Structure formats: structure tokens, C-alpha cells
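These numbers come from a predicted model, not from an experiment. Residues: numbered from 1 along the sequence shown.
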Amino acid sequence: QVQLVESGGGLVQAGGSLRLSCAVSGRTFSRYAMGWFRQAPGKEREFVAAISWISGSTAYVDSVKGRFTISRDNAQNTVYLQMNSLKPEDAAVYYCAAGAWQRSPSGYPYWGQGTQVTVSS
């Protein structure tokens with residue numbers, strides 16, 4: 001089992017920044033890729049970014065490239081999503097997930113509870 005706890009969401013003005021954190025625990029979490037997904041009301045859950053615990057390789061959806069950065073702290077067992085230049089369309093509930101190295105939510109068996117990000121225009 002892998003346990004994930006997100007934090008860091010909130011309300012920010014367009015153009016502002018937030019950093020999301022995902023604290024990870026469990027026996028074998030380092031075997032998994034870590035992903036951030038988001039889901040806005042009435043929309044499907046969307047891949048945002050992923051990182052490999054082992055190699056540090058990263059991947060992003062095109063809409064956040066150059067604005068968001070995913071990173072990991074192996075000592076703290078924490079994954080971060082630094083979000084800069086936020087836009088109103090970035091508003092959603094953001095979820096941390098652990099699973100296979102892919103962009104589909106179906107490949108991630110472990111999920112956090114989600115954290116709300118609201119961007120005012």
C-alpha cells in the first residue's frame with residue numbers, strides 16, 4: 001500500500017504561484033512513478049505532470065510546460081508541483097497519484113484526497 005497526502009492548494013490571483021506538496025509513505029512507493037492530475041467541475045481528470053522516483057525523469061501536459069515544475073525530495077519522501085503564472089483555466093482539484101509511468105489516470109492505483117486550486121481573474 002502507498003499513502004499519499006496533498007497540501008498547498010488555495011486561492012491565488014491570475015499570474016500568481018502556488019506550490020503543491022504530496023507526502024508519500026508505504027513500503028514500495030519508490031517503485032512507482034508519481035503523477036499530478038487535476039479535475040475541474042464537469043471535466044474528466046487530466047494528466048498534468050509525472051516524475052520517476054528513480055531516474056527523476058519528468059513529463060508534462062503541453063498546457064503547463066514552462067509554467068509548472070514537478071520535483072521530488074527523496075529524503076523527505078515528498079513530491080512537489082511548483083505552479084507559476086497561473087491562469088484561471090488551471091483552477092481544479094489537484095490530485096497526487098502513484099502508479100505506472102503513463103499519462104492515463106487508469107495506470108495509477110494510489111491516489112491522494114486532492115487539494116483545491118482556485119485562480120481568480
Side-chain angles (χ1 to χ4, degrees):
Q1 284 287 346
V2 177
Q3 293 79 43
L4 308 171
V5 179
E6 302 105 332
S7 60
L11 172 65
V12 64
Q13 287 188 331
S17 299
L18 282 174
R19 189 178 78 159
L20 306 183
S21 300
C22 176
V24 187
S25 60
R27 290 176 55 189
T28 60
F29 69 86
S30 62
R31 298 180 182 179
Y32 296 96
M34 298 299 302
W36 283 100
F37 291 78
R38 64 188 179 187
Q39 189 166 19
K43 294 189 177 182
E44 293 187 352
R45 194 165 294 191
E46 174 191 29
F47 171 81
V48 176
I51 188 167
S52 166
W53 274 115
I54 297 175
S55 69
S57 298
T58 59
Y60 298 91
V61 67
D62 286 347
S63 61
V64 308
K65 285 181 179 177
R67 300 189 298 121
F68 291 12
T69 302
I70 189 171
S71 61
R72 76 207 192 290
D73 184 330
N74 290 357
Q76 297 293 324
N77 295 340
T78 302
V79 176
Y80 302 99
L81 185 68
Q82 177 67 44
M83 305 186 295
N84 298 329
S85 302
L86 281 160
K87 304 175 181 180
E89 52 263 42
D90 294 319
V93 177
Y94 281 70
Y95 297 90
C96 177
W101 180 256
Q102 60 175 278
R103 296 175 181 240
S104 171
S106 64
Y108 292 76
Y110 301 106
W111 292 84
Q113 81 284 358
T115 186
Q116 178 72 50
V117 172
T118 304
V119 183
S120 62
S121 56

Contacts of type ring pair (Phe, Tyr, Trp, His ring centres under 6.0 Å), residue F68, not counting sequence neighbours: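 Expected list: none.
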
What distance separates [X] [atom1] from [Y] [atom2], expressed to the nearest 0.5 Å?
| X | Y | atom1 | atom2 | value |
| --- | --- | --- | --- | --- |
| I54 | N74 | CD1 | CG | 10.0 Å |
| Q13 | L86 | CD | CG | 11.5 Å |
| E46 | Q39 | CD | CD | 10.0 Å |
| S71 | M34 | OG | CE | 11.5 Å |
| S63 | E89 | OG | CD | 8.5 Å |

Sequence-distant partners of N84, side chain to side chain donor-acceptor pair (under 3.5 Å), two or more places apart: S17, Q82

Closest approach of [X] to [Y] (non-hydrogen atoms, all atoms of both residues):
| X | Y | result |
| --- | --- | --- |
| A98 | V2 | CB-CG1, 4.2 Å |
| A14 | S121 | CB-CA, 4.3 Å |
| S55 | R72 | C-NH2, 4.2 Å |
| T115 | S7 | OG1-C, 4.4 Å |
| G99 | Y108 | N-CD2, 3.4 Å |
| S21 | T78 | CB-CG2, 4.2 Å |

Any donor-acceptor pair under 3.5 Å from [X] side chain to [Y] backbone:
| X | Y | value |
| --- | --- | --- |
| Y94 | Q116 | no |
| E6 | G114 | yes |
| R103 | Y60 | yes |
| Y95 | G35 | no |

So which of L81, V12, L11 actually passes side chain to side chain contact (heavy atoms under 4.5 Å, CB included) with L18? V12

Qualifying residue, where the test is side chain to side chain contact (heavy atoms under 4.5 Å, CB included) with R38 and the options are V117, D90, V93: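 It is D90; the other options fail the test.
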
May I ask you to test the [X]-[Y] pair for a side-chain heavy-atom distance under 4.5 Å?
| X | Y | result |
| --- | --- | --- |
| Y110 | V24 | no |
| F47 | Q102 | no |
| W111 | C96 | no |
| W101 | S57 | yes |
| Y80 | T69 | no |

Look at atom CD of Q113 and say whether more than 12 heavy atoms of other residues, nucleotides or ligands are closer to it than 6.0 Å.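 Atom CD in Q113 is packed in, count exceeds 12.
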
Are D62 and K65 ion-paired here, with the side-chain N under 4.0 Å from a carboxylate O?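 Yes, this pair counts.
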
